[in-house]
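One structure is given below, encoded as structure tokens.
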Number of protein chains: 2
Amino acid sequence: MPLSVPAIKRKNAPMSQRSSSGSSGNPSRGSRASGRPTLAELAQIAGVSPITASRALRGVASVDPDLAKRVREAAAALNYVANPAARTLASAHSDAVAVLIPSLSNLLFIDTLEAIHDVLMPRGLEVLIGNFHYSPEEEEKLVRNYLAYQPRGILLTGLEQTPATRSLLKASGIPVVYMMELSREMGVHSVGFSQEESGAAVARHLLARGRRHLAYVAAQLDPRALERGLGFQRVLAGEREVRPPVWLSVPEPSSVALGGELFVRLLEAYPDIDGIFFCNDDLAQGAIFEATRRQVPIPGRVAVVGFNDLPLSAHMAPRLTSIRTPRAKVGEAAARRLVALMEGDCRAEPAIDLGFELVERESS
Amino acid sequence: MPLSVPAIKRKNAPMSQRSSSGSSGNPSRGSRASGRPTLAELAQIAGVSPITASRALRGVASVDPDLAKRVREAAAALNYVANPAARTLASAHSDAVAVLIPSLSNLLFIDTLEAIHDVLMPRGLEVLIGNFHYSPEEEEKLVRNYLAYQPRGILLTGLEQTPATRSLLKASGIPVVYMMELSREMGVHSVGFSQEESGAAVARHLLARGRRHLAYVAAQLDPRALERGLGFQRVLAGEREVRPPVWLSVPEPSSVALGGELFVRLLEAYPDIDGIFFCNDDLAQGAIFEATRRQVPIPGRVAVVGFNDLPLSAHMAPRLTSIRTPRAKVGEAAARRLVALMEGDCRAEPAIDLGFELVERESS
DNA sequence: CACCTAAGCTCTTCCCTGATG
DNA sequence: GCATCAGGGAAGAGCTTAGGT
């Protein structure tokens, strides 16, 4: 037996050389310790081994119900909460889910975020939120950073990732769900609706109402707004007697005030315009306010279509037609799909199309 | 030399009994390993010890600049990102900050949250968001849970914590900053403004305009709305010829539609009311929409004061007086104060009063 | 002072023991 | 006797603090 006896391998009772620190009454607190009860302490109190305590708390089936109960009671008495860092280190995965959204100031993403929270938190999953400000490069940085946390899953917004982001994700093997757009790619899970088709629906709507001189107005650098514009354009291109739409796109973030301003600028430059597709509802509402102030009859003079509802839309019912998208539902469905993937359930359809709704309020 | 040689203490090259797993070309991947480059690998490539690499990456001063540069270059080449779980476990504190807010659907808190993000993320701090739905009990659960993450700091909303929450926080020794209200307590750091005083200011404003039959309308179970109401009441109680205000408070979350409804209900029950303080701007705006629809002249007939701005307020300028609170500034200042506390800078004034602004739009 | 070796943070995975059918 | 299963001992996971050299 050449091996020296490892008699010094005691953790919570040094008792050897430097001892005497805790002396009496003081529940040993080595200077590096976190000061919180550990699994070993819990196990000792419950009269089981640490590994059994661990299994009991994680709800692993193969633990005697009596023992499990003892462990749970001891945990409650101690106010024991497992150290997530140690758990992550040992198991090589955390209980976190990373969610990347392009903006925190856009209501759309807030609602989505809230729905995600509501699905994930009750399952004991931590939500890490990253705001990539519509920049794929920033998104890449965030992904790189969040992968270090070894999350159980990742939710991304849109499909415009950099190649590096893609390969990082693929290499990690962590489940990913894309929100807000539909991917045709095999094995890529996405939840959303066809942005392109929603733009096309707006074009058809305006054409059906007899509008012929159309415009598209967008703010922010949102790639999805652009896609909607492309769908809008596609339908119009198929019509003989309709001119290509006027295209007004500015980089500033959208706002009610900006909507009013763009509306004025547009009508000054193109007085014969009779239908406008605003890529955001706040732009649309700003336009309507401005029109009201200037006594421009809407929709008599100009038909306005806005993308998504603000709380006020209901109060402007006679004025505004809008595309209503399932903001919260996208978050909920995406989170649910992610949970399914984390549990190894891969049978479901990769893409979930939640559709959209064209809410017509012109006629009322 | 009595110690047996610890020749088996190699980590990334088992090479002993069960070996042969990776065999050739495969960069060792022990089954429990995370598959990511480790500090030890990085150190080896940079030609230094792990601890030096660690110090170099953390920016500890006592590292030779040349070595530090070598380490940084190696890290970039490897795409090395430190494992936060291991870091937390070893140092007994994470790089996270927990932020607890009562609601995600309220714009106020979103703006605050965004400002907090903007301060903390550039400093490499992770933001953990907890939504306690205006419930102190839920808040307590979240605090208990987040303390397990050993965060570097905690931001709380309001001052209505349960006693257990208070003692948990005190025992943890983690810096805490309270947002949205001002605490008088010694050593308690808070950033906000006096809710009570803002309500009082509204009362004085209405009295100065000759209004005598006042009402207070609140939704949601927000304790701060109640405090504003108390300030409102206090000022009115000091006036001889003014009746105590009509008090309308409902538990539903506030919304534009609800504001309109409450407005109608209120005027039906008390036709002589000539001034209303709405605890949220969406309630106030709903009231104004409803009044417009019913041709009730505002402010000729009723003066309306709303709490905080929605984006649309500017477009209803002639109609609405509002209290404007520094939403984003509260988040920013609170986050900054927290960072200062984390760095051991405790000299600053514990309470930061950011004030509020009474924006009068009646006259324009 | 710059750098390193040793130890340890707290949990889980691996693998084995001893009891059960 | 030979699988099956509950439970446990030992060995890390990857980093940082302590304390030398």
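Protein chains get the first letters and strands the later ones, always in sequence-line order, with residue 1 at the start of each. Please read all numbers here as calculations on a predicted model, not as lab measurements.
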Atom CG of B:Leu39 and atom P of D:dG14: how far apart are they, to the nearest Å?
11 Å
Min side-chain heavy-atom separation A:Val339-A:Leu120 under 4.5 Å
yes
For B:Gln44, is the CD atom crowded, meaning more than 12 foreign heavy atoms sit under 6.0 Å from it?
no
Consider the side chain of A:Ser91, meaning its heavy atoms from C-beta on, and name the nucleotide among C:dC9, D:dG9, C:dT12 that approaches it most closely.
C:dT12
Which part of the nucleic acid does B:Ala85 contact within heavy-atom distance under 4.0 Å: base, sugar-phosphate only, or nothing?
nothing
Rounding to an integer number of Å, can you tell me how far A:Arg36 CZ sits from C:dT10 C1'?
11 Å
Between B:Thr38 and D:dG14, is there a contact of a side-chain N or O with OP1 or OP2 at under 4.0 Å?
no
In a check of side-chain contact (heavy atoms from CB on, under 4.5 Å) between A:Val127 and each of A:Val119, A:Leu155, A:Val99, which one passes?
A:Val99
Kindly say if B:Arg58 contacts the phosphate of D:dT17, meaning a side-chain N or O under 4.0 Å from OP1 or OP2.
yes
Rounded interatomic separation in angstrom, taking CZ from B:Arg55 and P from D:dT17
9 Å
Are A:Ser54 and C:dT12 close enough that a side-chain N or O sits under 4.0 Å from OP1 or OP2?
yes
Atom pair distance, as rounded to whole Å: CD1 in B:Ile51 and C1' in C:dA6
11 Å
Please tell me if A:Tyr80 has a side-chain N or O lying less than 4.0 Å from either OP1 or OP2 of C:dC11.
yes
Answer yes or no: is there a side-chain heavy-atom contact under 4.5 Å between B:Tyr80 and B:Leu39?
yes
May I have the distance from A:Leu67 (atom CG) to D:dG8 (atom P), rounded to whole angstrom?
7 Å
Given DNA chain C, 5'-ward residue of the pair B:Ala90 and B:Ala53, judged by closest heavy atom:
B:Ala53
Counting only side-chain nitrogens and oxygens, does B:Ser34 get under 4.0 Å of the OP1 or OP2 atom of D:dG14?
yes
Side-chain contact check for B:Ala86: nearest option of D:dG14, D:dG7, C:dC3 is D:dG14
Which of the following nucleotides, C:dC4, D:dG8, C:dC11, is nearest to the side chain of B:Val48?
C:dC4
Mind calculating the distance between CG (B:Asn83) and C1' (C:dC11) to the nearest angstrom?
13 Å
Between C:dG8 (P) and A:Leu89 (CG): distance, integer Å
17 Å
To the nearest Å, give me how far apart CG (B:Leu57) and C1' (D:dT16) are.
13 Å
Under 4.0 Å from OP1 or OP2 of C:dC4: is there any side-chain N or O of B:Thr52 that close?
yes
Distance only, no hydrogens: is a donor on one side chain within 3.5 Å (strictly under) of an acceptor on the other, for A:Glu126 and B:Tyr146?
yes
